[in-house]
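Worksheet for the structure shown next.
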Amino acid sequence: MNILRTPKAMADWSRRLHREGVTIGFVPTMGALHDGHRALIRAARLQCDALVVSIFVNPTQFAPTEDLAKYPRPIAKDRALCRAEGVDICFEPGATAIYPEGFETVVTVPGIAQRWEGDIRPHHFAGVATVVTKLFGMVRPDIAVFGQKDFQQAALVRRVIEDLSLGVKLIVHPTVREQDGLAMSSRNVYLSQTDRTLAPILYKSLQAGAAAIKNGTTASRQIQSMMTQVLRRESAATVDYLAVCDPDTLAPLASVSERAVLLGAIRIGNVRLIDNVLVKRPAKRGRR
Ligand code: AMP
C-alpha cells in the first residue's frame, strides 16, 4: 500500500491507472476506522481493480463548537486496517493541501441540506459536498462507497454526483452495528460506560417505528409518537429529531404509502448519535 499526501500525487496516480484501463474504487473517511469502514472497504474491493481510501478530518464540516480538535486520529492503526484489507492507496492530505490560500468555491445542495442534520449543523453539508467533490476530482473514482449510517449524507452525495455529472457510481452500504444494535461510529468512543449501555435506545426506537409501519400504521404522527415513547424510557437521552421521510428527497411524509426512511438523532451526555432505518411496506395481497 502506498501513502499519498498531495492532491497532485493522487491525481497523477489516478490518471496513470485510468490510462491503463484500471477501474478505481474510493472510500472517503475521516479515519478512526472501525468495522463499519472495513465493510465499505471490502464492498469497494469487490467492485474495482484499484482501491483508494482517504483519511481526512475535514475542518469545514465541523462548527467551531464541535469536536474537530479532539476527533480521534489513530493513524497507524488506520493504515494497518487499510493494508490488511488490500487497499492500494491511503490518501492522507493535510488541510492546507485541500484548502490552499485563495480557496473559495463552495458546493451547496439547499434542498437536501436544509433539514435534519443540516438544521442542527447549518454549515455541515456544504463542507461535506465541497470536500467530496474535491476528493472525487483528485481520485477520479469509477465507484465510491458510502455508508447508510449517514443516510442524509449519502442522499446529498447522490444529488451532487447527478447534478454535477461527476460520472461516479455510488454504492450505499448497509449500516454495520454492534451486537446490541448500536450503529458503529468513530464517536462512540466518547460515550461513558453508562451512556454506552443506553445508546442502543435510538435503534430500538427506530425499529419500533419500522415494526408499526409493517403492522399497517401509515400516519407519520402515530409512528413518530411510538418512536418517541420508546426513547422516553431513557430519560438520559434528548431527542434532536425523529422523522418519517421520503428516502429520496428526505422531505417529511404525512403518511407512509410504500417506502420511508426513519431518521433519528439523539444526544446522550455530550455525544450526538444518528441512525436510520429504511422501511418498505408489505405489498397488499390481491383478492383471489
Ligand atoms: P466517517 O469516517 O465517519 O466520515 O465515515 C466514512 C464513511 O463510513 C461514511 O460513508 C459513513 O457513512 C461510513 N460509515 C460510518 N459508520 C458506518 C457504519 N456503522 N456502517 C456503515 N458505514 C459506516
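As the structure lists them, so they are numbered: ligands from 1, and atoms in each ligand from 1.
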Do Asp88 side-chain atoms and Met1 backbone N/O form a donor-acceptor pair below 3.5 Å?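 Between the backbone of Met1 and the side chain of Asp88 there is no qualifying donor-acceptor contact (under 3.5 Å).
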
Under 3.5 Å, N/O to N/O: give me all the pairs between ligand 1 and the protein, one per line with atom names and distance.
unit_1   : atom_1 : unit_2 : atom_2 : d
ligand 1 : 2 (O)  : Met30  : N      : 2.9
ligand 1 : 2 (O)  : His37  : NE2    : 2.9
ligand 1 : 5 (O)  : His37  : NE2    : 3.4
ligand 1 : 10 (O) : Gly147 : N      : 2.9
ligand 1 : 12 (O) : Gly147 : N      : 3.3
ligand 1 : 12 (O) : Gly147 : O      : 3.3
ligand 1 : 12 (O) : Asp150 : OD2    : 2.6
ligand 1 : 16 (N) : Met184 : O      : 3.4
ligand 1 : 19 (N) : Val176 : O      : 2.9
ligand 1 : 19 (N) : Met184 : N      : 3.4
ligand 1 : 19 (N) : Met184 : O      : 2.8
ligand 1 : 20 (N) : Val176 : N      : 2.8

For Arg45 and Glu85, run salt bridge (Lys or Arg N to Asp or Glu O under 4.0 Å): C-alpha distance rounded to whole Å, both residues' side-chain angles, the deciding distance at 0.1 Å, then the answer. CA-CA 8 Å; Arg45 187 67 279 179; Glu85 294 300 332; over 6 Å; no

Taking everything shown except His34 itself, do over 12 heavy atoms lie less than 6.0 Å from its NE2? yes

cation_pi(Lys70, Tyr190) dist<6.0 Å, angle<=45: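 Satisfied, under 6.0 Å and within 45°.
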
Identify which one of Ile112, Asp163, Val109, Val172 satisfies the side-chain contact (heavy atoms from CB on, under 4.5 Å) criterion when paired with Arg158. Val172

Which ILVMFWY residues are connected to Met184, directly or by a chain of links, through side-chain heavy atoms under 4.5 Å apart? Val176

